[in-house]
4 protein chains.
Amino acid sequence: MAQSDTVTRILDTAEVLFAERGFAETSLRNITSKARVNLAAVNYHFGSKKALIQAVFARYLDPFSQRFHTALDELEVKYKGDVIPLEVLLETMAGTVLAVPAERNSLKVFMRLLGLAYSQAQGHLRRYIQQQYGDVFTRFTELVRQATPELPDAERFWRLHFMLGTVIFTLSGLDALRDIAAKDYNEQVTVRDLVKRLRPVVVAGMNAPLPSAVDEGHYANACAS
Amino acid sequence: MAQSDTVTRILDTAEVLFAERGFAETSLRNITSKARVNLAAVNYHFGSKKALIQAVFARYLDPFSQRFHTALDELEVKYKGDVIPLEVLLETMAGTVLAVPAERNSLKVFMRLLGLAYSQAQGHLRRYIQQQYGDVFTRFTELVRQATPELPDAERFWRLHFMLGTVIFTLSGLDALRDIAAKDYNEQVTVRDLVKRLRPVVVAGMNAPLPSAVDEGHYANACAS
Amino acid sequence: MAQSDTVTRILDTAEVLFAERGFAETSLRNITSKARVNLAAVNYHFGSKKALIQAVFARYLDPFSQRFHTALDELEVKYKGDVIPLEVLLETMAGTVLAVPAERNSLKVFMRLLGLAYSQAQGHLRRYIQQQYGDVFTRFTELVRQATPELPDAERFWRLHFMLGTVIFTLSGLDALRDIAAKDYNEQVTVRDLVKRLRPVVVAGMNAPLPSAVDEGHYANACAS
Amino acid sequence: MAQSDTVTRILDTAEVLFAERGFAETSLRNITSKARVNLAAVNYHFGSKKALIQAVFARYLDPFSQRFHTALDELEVKYKGDVIPLEVLLETMAGTVLAVPAERNSLKVFMRLLGLAYSQAQGHLRRYIQQQYGDVFTRFTELVRQATPELPDAERFWRLHFMLGTVIFTLSGLDALRDIAAKDYNEQVTVRDLVKRLRPVVVAGMNAPLPSAVDEGHYANACAS
DNA sequence: GATGAATGAGCCTTCATTCAT
DNA sequence: GATGAATGAAGGCTCATTCAT
């Protein structure tokens, strides 16, 4: 078997199974048997299951990180010191996110993986992602800060995560939702359709009026934590 | 030991551990040893791990479902045939969601669990929730439909899920995000604060302009799936 | 619930399940749930699973033992000191065996149980049967001895067990064999039919010529144990 | 540890324990601890306990099936079209049965296993044996049919099973019976002795006169099932 | 470089039994 | 007299990992 064929086969199979079932629910046996590879190969090539999980992410995030840096470079050149508008920043990020897995025909898988990275109990994974790719996100949020000077820093932080939740939740649960949509609305939705639908919602969310301080304590009597 | 003390102790411990680690990563031994209860007690009282998971959800969703029905009844009486405004509907839902676990001092846990219900590979759980509580959500979405007659049905479906993602993603990942926010913005955020912040964003998202058909194919060259 | 209703329900259910699956494969839960009786009732009324197994046998063997003694009494009166012919002894035993469970409509179950008593790893059961009912069988074999004076004692011992094997094996596996027979020979066989078929074979087996000493060592080179 | 040493040790230990206690009463832990082998080795090499049980049988039945086919081939050559006498067929089967485990010094174990295969609630095992080795037995019964043209087909079917019961019941319960015989008749019986004793009985049983139709209903009043 | 074999820890579940009520 | 609750032991099986070859 060719040298890195095994490695590739493992990664290809692992990302699909991880995306389908989650990390804990996917055993190395599941992966190696479906990939028709020796069970010990995972530990041989990657060292451990954790390292395999990280490698699966790295295969997406390395090119993403690189392309996103390049795209931001180009934007900074184009706007040469002027503030880059929020819509442009969001479009750029969306474009890069879509571009990377497009080459691997598996945007859906990538989105599922991103969702899992947030929701599953894999502390090592969040630490790994933060450490390896934190700088791109830091750079991006700084540009967003410049594009939304009217937003308090904390508000911007939360709204970015609100919108992150919107996107990841939707795209990572795409299959299930798509089935419902297809049944109820007789509509075959593609990722492209969804992104088109997401755009105005995300922009509106980011530009929503600030919460009025008046409402404070509205639920105070109902919420203890 | 008091009659149903064991049952309660198991449920209390299970919901915390499930919320912290997920279902697959939490063993019955983890639960029973922390709850200082015999391992076999889980199977005696619940029948299986799956049934325990469902029971954990039922303890939240049963009262939620009941209260939400009641709240919607009251709204329908109050508006006697008139359309109930979207903001009122959203407030009512938020109020009910907050009220239920408030009595148990564990809104955070409830939100984590809801997030897990969507993201983890527990098909039985989604089936169970859909089957047991589907009707409340159906009733709610029908009222939302009447409140947003200008939205195409499919668009409303997707936007509701966009907003669901916003809320669940944020609140279920609350701890991690709160830590970051505390460090970067020196801010101790409560769930109440977050709900206050979420409200204008959700309303703005639901009321965002419809996506223009002109944009179609915008990312066509970047997205293969 | 009436006093001994529970006991009867347990015994009725237990004998059926034991006959179907064997002793180890039938749990007290199987029995009590099918009998719609409390799990603890078995230990309450019988003391242990072993005791339940013995009770199931006692319900058949007590009347059998009593009737067989009576039948042999009558034979001894009738033949007043003369030797009772082998055929008569065999017929009498067969008649008694058939008569007992006939009242409970479950000869098949009784035979399965007898087969299990021999084949399953329930040492306590063999000891129990030997201790409780050994005397009837001793009395019977003594009469057989008188009826077959030409047979060496050891030969008679073995032939009785050969024939016991014939009967128990056939009748205890009745269902499976009946299915095959029904399929291959288009024949719906009853227990009565089988007993009719067994009679000449058993008699011929008992009366077979003695093995010639010449044959000794015929398989010596083929058999090491 | 040598390559298949583990497999052999597991099989050797398993067949002894199965024969002594039955399948359900023998745990994998019993087997692996006695065989001084890791518990997981059973699942690694065999896949499941069921598969182990089947493997234990296969180790006897594979060579038996092969040898018996060969022996029947030789008989057909020798008798070139003529009918092979019943005695010869029975001797041939007996010889093959004795020859196979002789090499493994465990005829007794083999016989116990055969008895268990019939009496224990292991449906999968009967299915497996029928499927894997059904053809040899079909071939054998066809030759018996030619050797006993005077017997009605159904009668021959039942008599073969009568005799099968005789043999399996006796040989599978050998140890217990041998103990009794040793005590009562001061006789140390070997398997060879028993086979010598079985032969005339089996032949006489097969050749017994047909049951007279006159006797029909003899026990009719005594047998309800 | 790659793999078949083996391992120890842990999984969920079921068992017969006991006990307080 | 009868039962719901609880228990310790044991069941078969799967896991990620290691190791000799």
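Just so it is clear, the values below take in all heavy atoms, side chains as well, and ignore hydrogens, waters and symmetry mates.
- OP1 and OP2 of dG4(F) both lie 4.0 Å or more from every side-chain N or O belonging to His45(B).
- Look at Asn38(D) and you'll find a side-chain N or O under 4.0 angstrom from OP1 or OP2 of dG8(E).
- Qualifying ring-ring contact (aromatic ring centres under 6.0 Å, His included) partners for Tyr118(D), counting only residues two or more places apart in sequence or in other chains: Phe169(C).
- Between Glu15(B) and Leu11(B), every side-chain heavy-atom pair lies at or beyond the 4.5 Å cut-off.
- Minimum interatomic distance between Leu113(C) and Ala19(C) (heavy atoms only, all atoms of both residues): CD2-N, 4.0 Å.
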With pairs defined as Watson-Crick or G-U wobble and both distances under 3.5 angstrom, please note down DNA chain F as a dot-bracket string, | for pairing with another strand.
.||||||||||||||||||||

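- Side chains of Thr8(A) and Arg59(A) form a contact here, defined as non-hydrogen atoms less than 4.5 Å apart.
- Applying the side chain to side chain contact (heavy atoms under 4.5 Å, CB included) rule to Ala40(D) yields the partners Asn38(D); only residues at least two apart in sequence or on another chain are considered.
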Show which side-chain atoms of residues 23-31 of chain D pair as donor or acceptor with protein atoms under 3.5 Å away, not counting sequence neighbours.
from: Thr26(D); atom 1: OG1; to: Leu17(D); atom 2: O; distance (Å): 3.3
from: Thr26(D); atom 1: OG1; to: Gly22(D); atom 2: O; distance (Å): 2.7
from: Ser27(D); atom 1: OG; to: Arg29(D); atom 2: N; distance (Å): 3.4
from: Ser27(D); atom 1: OG; to: Asn30(D); atom 2: N; distance (Å): 2.9
from: Ser27(D); atom 1: OG; to: Asn30(D); atom 2: OD1; distance (Å): 3.2
from: Ser27(D); atom 1: OG; to: Asn30(D); atom 2: ND2; distance (Å): 3.4
from: Asn30(D); atom 1: OD1; to: Arg21(D); atom 2: NH1; distance (Å): 3.1
from: Asn30(D); atom 1: OD1; to: Ser27(D); atom 2: N; distance (Å): 3.0

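- Regarding Ile31(B), its CD1 atom lies at a distance of 16 Å from the P atom of dG10(E), rounded to whole Å.
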Derivation and outcome, side chain to side chain contact (heavy atoms under 4.5 Å, CB included), residues Leu114(A) and Tyr60(A):
CA-CA 10 Å; Leu114(A) 274 188; Tyr60(A) 280 103; over 6 Å; no

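- When the side-chain nitrogen and oxygen atoms of Thr6(B) are compared with OP1 and OP2 of dA5(F), none of them lie within a distance under 4.0 Å.
- In this entry the distance linking CD1 of Ile53(C) with P of dC15(E) reads 14 Å, nearest Å.
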Please encode protein proximity along nucleotides 14-21 of chain F as a string of B, S and -, counting only heavy-atom distances under 4.0 Å.
BBBBBB--

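- Across the protein-nucleic acid pair, Arg9(A) atom CZ and dG1(E) atom C1' stand 15 Å apart, rounded to whole Å.
- Applying the side chain to side chain contact (heavy atoms under 4.5 Å, CB included) rule to Val16(A) yields the partners Glu20(A), Lys34(A); only residues at least two apart in sequence or on another chain are considered.
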